[in-house]
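To start, the structure itself, in structure tokens.
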There are 2 protein chains.
Amino acid sequence: MADVAEAILRSSAIAAQFGIWEERDFDAGRCPMRNVLDRIGDKWTMLVLMALAGEPRRFGVLLRMVPDISKRMLTQTLRLLERDGLVTRHVFATTPPSVEYRLSPLGLSALEPLHALAQWADANFATIRASRARYDDGLARTDP
Amino acid sequence: MADVAEAILRSSAIAAQFGIWEERDFDAGRCPMRNVLDRIGDKWTMLVLMALAGEPRRFGVLLRMVPDISKRMLTQTLRLLERDGLVTRHVFATTPPSVEYRLSPLGLSALEPLHALAQWADANFATIRASRARYDDGLARTDP
DNA sequence: CGGCATCCGAATAGATACTG
DNA sequence: CAGTATCTATTCGGATGCCG
């Protein structure tokens, strides 16, 4: 029961947050949530952050760790993370050159909410899949 | 200092999570995080969830609350949320018909990690903007 | 009021080839 | 090794019009 009460409180907090953002209008440039989601919500960012969570990684290592990502997309993702200050880039002037990427303190701090989200996703994915199956089945039966 | 240690712990947990998901391969259909991010990471889902946080809302109300969303996108977003079981749809056979959407218990539970993410976004957005400005400025100066 | 169908331009991302 | 450049296929989303 306590968690229901907490959920209600949270929903009020979210609703209030929505109100605040609404007043400042939701212009993508100024809304923090839209900005953050635009970044971590894309196809690869979250996987790259996770791959960097344990220790710094070199470009080629990341390329092999993150499944199916292309060099083009990995470069772009890393550049955007670097631009936002979540990741730092260190070039070692060896031959052949090697470049290491690591999470900044800011990037590390982002792992907290992202981990919470990951936990929720893991805990509720089965339920969601079941709901999808029911929904799709319902549609399928009414159609033919 | 304690929070640094916690951050390290979290990063290990994330790295471990990555390893688990990696083994089961990250196929979009089977990876919980990719599924969840594919949903809440799109342009409108988060805003719709926030608009529904406080109380149930009718379609037309949502259309006015969420800035710049079109009927097409609102319908699509609500359908996907309904399919995943985060939102329930209630039709009232009045004339003209009215349809109410509300968060399910599952949807309510999702607000917790999302709220954490929203807090992080709000707290760190200024830092991120500053980082972007520095980065862009650095690029601008080296170019011409 | 609450949708669905269609069209079309814009944005995304994969494939491929080339470079210091 | 760590990128960059270019081209193209696909996806996304806005606009519009129609319906119960």
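The sequence lines fix the lettering, A, B, ..., with proteins before strands; numbering per chain opens at 1.
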In residues 109-121 of chain A, what donor-acceptor pairs under 3.5 Å come from side-chain atoms, sequence neighbours left out?
| unit_1 | atom_1 | unit_2 | atom_2 | d |
| --- | --- | --- | --- | --- |
| A:S109 | OG | A:L106 | O | 2.7 |
| A:S109 | OG | B:W120 | NE1 | 3.0 |
| A:W120 | NE1 | A:N124 | OD1 | 3.2 |
| A:W120 | NE1 | B:S109 | O | 3.4 |
| A:W120 | NE1 | B:S109 | OG | 3.0 |

Show which side-chain atoms of residues 56-77 of chain A pair as donor or acceptor with protein atoms under 3.5 Å away, not counting sequence neighbours.
| unit_1 | atom_1 | unit_2 | atom_2 | d |
| --- | --- | --- | --- | --- |
| A:R57 | NE | A:A51 | O | 3.1 |
| A:S70 | OG | A:M73 | N | 3.2 |
| A:T75 | OG1 | A:K71 | O | 2.9 |
| A:T77 | OG1 | A:M73 | O | 2.7 |

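Read 5' to 3', the first and last nucleotides of DNA chain C with an atom closer than 4.0 Å to a heavy atom of chain A are C:dA13 to C:dG20.
Rounded to whole Å, atom P of D:dT16 lies 15 Å from atom CE of B:M73. What separates NZ of A:K43 from P of D:dT11 is a distance of 10 Å, to the nearest Å. For the pair A:L74 CG and D:dT4 C1', the computed distance is 14 Å after rounding to whole Å. Residue B:K71 contributes atom NZ, which lies 12 Å from atom P of D:dG17 at whole-angstrom precision. With rounding to whole Å, B:R39 atom CZ is found 13 Å from D:dC12 atom C1'. Between the CG atom of A:L78 and the P atom of D:dG3 there is a distance of 8 Å, rounded to whole Å. The separation between B:Q76 atom CD and D:dG13 atom P is 7 Å, rounded to whole Å.
The side-chain contact (heavy atoms from CB on, under 4.5 Å) test applied to B:E82 returns A:Y135, B:R79, B:R89, not counting sequence neighbours.
For DNA chain C, the neighbouring residues in residues 86-98 of chain B, judged by any heavy atom under 4.0 Å, are B:R89, B:P96, B:P97, B:S98.
Both B:I20 and B:F18 are members of a single hydrophobic cluster when ILVMFWY side chains are connected at heavy-atom separations under 4.5 Å. Transitive grouping of hydrophobic side chains (ILVMFWY, heavy atoms separated by less than 4.5 Å) brings B:L78 and B:V91 into a common cluster. In the hydrophobic cluster analysis, where Ile, Leu, Val, Met, Phe, Trp and Tyr join through side-chain heavy atoms closer than 4.5 angstrom, B:L80 is grouped apart from B:M33.
If you check D:dG14, D:dG3, D:dC1 against the side chain of A:T75, the one that comes closest is D:dG3.
One distance of note links CG of B:L52 with CD1 of A:I14; it measures 11.5 Å at 0.5 Å rounding. To the nearest 0.5 Å, the span separating CG on B:L81 from OH on B:Y101 amounts to 10.5 Å. Interatomic distance, B:L86 CG to A:S131 OG, rounded to the nearest 0.5 Å: 7.5 Å.
B:S11 has its side chain within reach of A:L108: a pair of non-hydrogen atoms, C-beta onward, lies under 4.5 Å apart. Contact annotation: the side chain of A:V87 never approaches that of A:R102 to less than 4.5 Å [non-hydrogen atoms, C-beta and beyond].
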Between the protein and nucleotides 5-10 of chain D, list the N/O to N/O atom pairs that are separated by less than 3.5 angstrom.
| unit_1 | atom_1 | unit_2 | atom_2 | d |
| --- | --- | --- | --- | --- |
| D:dT6 | O4 | A:R72 | NE | 3.3 |

